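Structure first, then comments.
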Amino acid sequence: MQKSSGMEDIMALLTAKEIMEIIPHRQPFMLLDTIEEMTPGVSAVAKKCVSYNEPFFQGHFPGEPVMPGVLIIEALAQTGAVAILSLEENKGKTAYFAAISSAKFKKKVVPGDVLMLETEIIKQKGAIGIGRATATVDGKVAVQAELTFAIS
């Protein structure tokens, strides 16, 4: 007799509805589908299933749809925001961009890709912090960056 149904292996830690209880983003600008792993205040791993129906594909680019790199950076920032705003002392606050450093775009993200987004908070002093962020598709790095945020 099996002790586990295996369902816990396929369930997300946080659904889109639960993510919206933490960060203020809404459609069409909420770029996370689920949070797969999280240590509040430390790190989070999110998933974004990239669909051809995304509104940005209408113009980026006709005939060769590519997810804009700045939106991948935004999705990484939202992932970090979930981690940092999950702390009790930050509930109800917003994390804003303060800087983007060392951004490298290494792989196109196209419809049908499953984008895995990982952001680790590597430094924080007061309301300002830095997250190390990596987006991958099928285990291959698509984007890497350091994101500085300010909590308000």
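Atom set for the values below is all heavy atoms of this structure, side chains included, hydrogens, waters and symmetry mates excluded. The structure presented is a predicted model; accordingly, all values stated were derived computationally and were not measured.
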Open item on the list: Are Ser86 and Met38 packed together at the side-chain level, in the sense that at least one heavy-atom pair is separated by less than 4.5 angstrom?
Closed with: yes

- [ ] With the side chain counted from C-beta on, respond yes when Val66 and His60 share a heavy-atom pair under 4.5 Å apart, and no when they do not.
- [x] yes

TODO: Find out whether Val82 and Thr79 are in side-chain contact, i.e. whether some heavy atom of one side chain is under 4.5 Å from a heavy atom of the other.
DONE: no

Task: Flag side-chain contact, heavy atom, 4.5 Å: Val50 against Val114 - done: no

Task: CD/Glu89: more than 12 non-hydrogen atoms of other groups inside 6.0 Å - done: yes

Open item on the list: With a sphere of 6.0 Å drawn around CD of Glu64, does it hold more than 12 non-hydrogen atoms of other residues, nucleotides or ligands?
Closed with: no

TODO: Check the side chains of Ser51 and Glu54 for a donor-acceptor pair under 3.5 angstrom, ignoring hydrogens and angles.
DONE: no

- [ ] Look up atom NZ in Lys48 and atom CG in Leu117, then write down how far apart they are to the nearest 0.5 Å.
- [x] 9.5 Å

TODO: For residues His25 and Glu74, report the shortest heavy-atom separation together with the two atoms involved.
DONE: NE2-OE2, 3.3 Å

Task: Non-hydrogen side-chain atoms of Ile73 and Val143 separated by less than 4.5 Å - done: yes

- [ ] Give a yes or no on whether Val70 and Val141 share a hydrophobic cluster (residues Ile, Leu, Val, Met, Phe, Trp, Tyr; joining criterion: side-chain heavy atoms under 4.5 Å apart).
- [x] no

Open item on the list: Could you measure the distance from the CD1 atom of Ile128 to the NZ atom of Lys123? Nearest 0.5 Å is fine.
Closed with: 11.5 Å

Task: Any Phe56 side-chain heavy atom under 4.5 Å of Leu71 side chain - done: yes

Task: Euclidean distance, Thr134 OG1 relative to Lys104 NZ, rounded to 0.5 Å - done: 10.5 Å

Open item on the list: For a 4.5 angstrom cut-off between non-hydrogen side-chain atoms, does Ile19 reach Ile35?
Closed with: yes

- [ ] Using only heavy-atom distances, determine whether the side chains of Thr148 and Glu146 contain a donor-acceptor pair under 3.5 Å.
- [x] no

Task: Distance in Å, Ile22 CD1 paired with Leu32 CG, rounded so as to fall on 0.5 Å steps - done: 10.0 Å

Task: Shortest non-hydrogen contact between Glu37 and Leu13, atoms and distance - done: C-CD2, 3.8 Å

Task: Heavy-atom pair of closest approach, residues Phe149 and Ile130 - done: CE2-N, 3.6 Å

TODO: Flag yes if Phe29 and Leu85 sit in one hydrophobic cluster, no otherwise; membership is Ile, Leu, Val, Met, Phe, Trp, Tyr, and two members link when side-chain heavy atoms are under 4.5 Å apart.
DONE: yes

Task: Working for side chain to side chain contact (heavy atoms under 4.5 Å, CB included), residues Glu36 and Met116 - done: CA-CA 9 Å; Glu36 301 293 310; Met116 297 303 298; 4.1 Å; yes

Task: Shortest non-hydrogen contact between Asn90 and Ile84, atoms and distance - done: ND2-O, 2.9 Å

Open item on the list: Using 0.5 Å steps for rounding, measure from the CD atom of Gln124 to the CD1 atom of Ile151.
Closed with: 5.0 Å

TODO: Measure across Ala135 and Leu76 and return the closest heavy-atom pair with its distance rounded to 0.1 Å.
DONE: N-CD2, 3.9 Å

Open item on the list: For the CZ atom of Phe57 and the OH atom of Tyr52, what is their distance to the nearest 0.5 Å?
Closed with: 8.5 Å

Task: Same cluster (ILVMFWY, side-chain, under 4.5 Å), Val45 and Met20 - done: no

TODO: Verify the cluster assignment for Met67 and Met30: are they in a single hydrophobic cluster under the rule of side-chain heavy atoms below 4.5 Å apart?
DONE: yes

Task: Other residues, nucleotides, ligands: >12 heavy atoms within 6.0 Å of Lys91 NZ - done: yes

Open item on the list: Hydrophobic clusters here meaning ILVMFWY residues chained together by side-chain heavy-atom distances under 4.5 Å, can you tell me if Ile100 and Val109 are in one?
Closed with: yes

Task: Minimum heavy-atom distance Cys49-Asp33, with the two atoms named - done: N-OD2, 2.6 Å

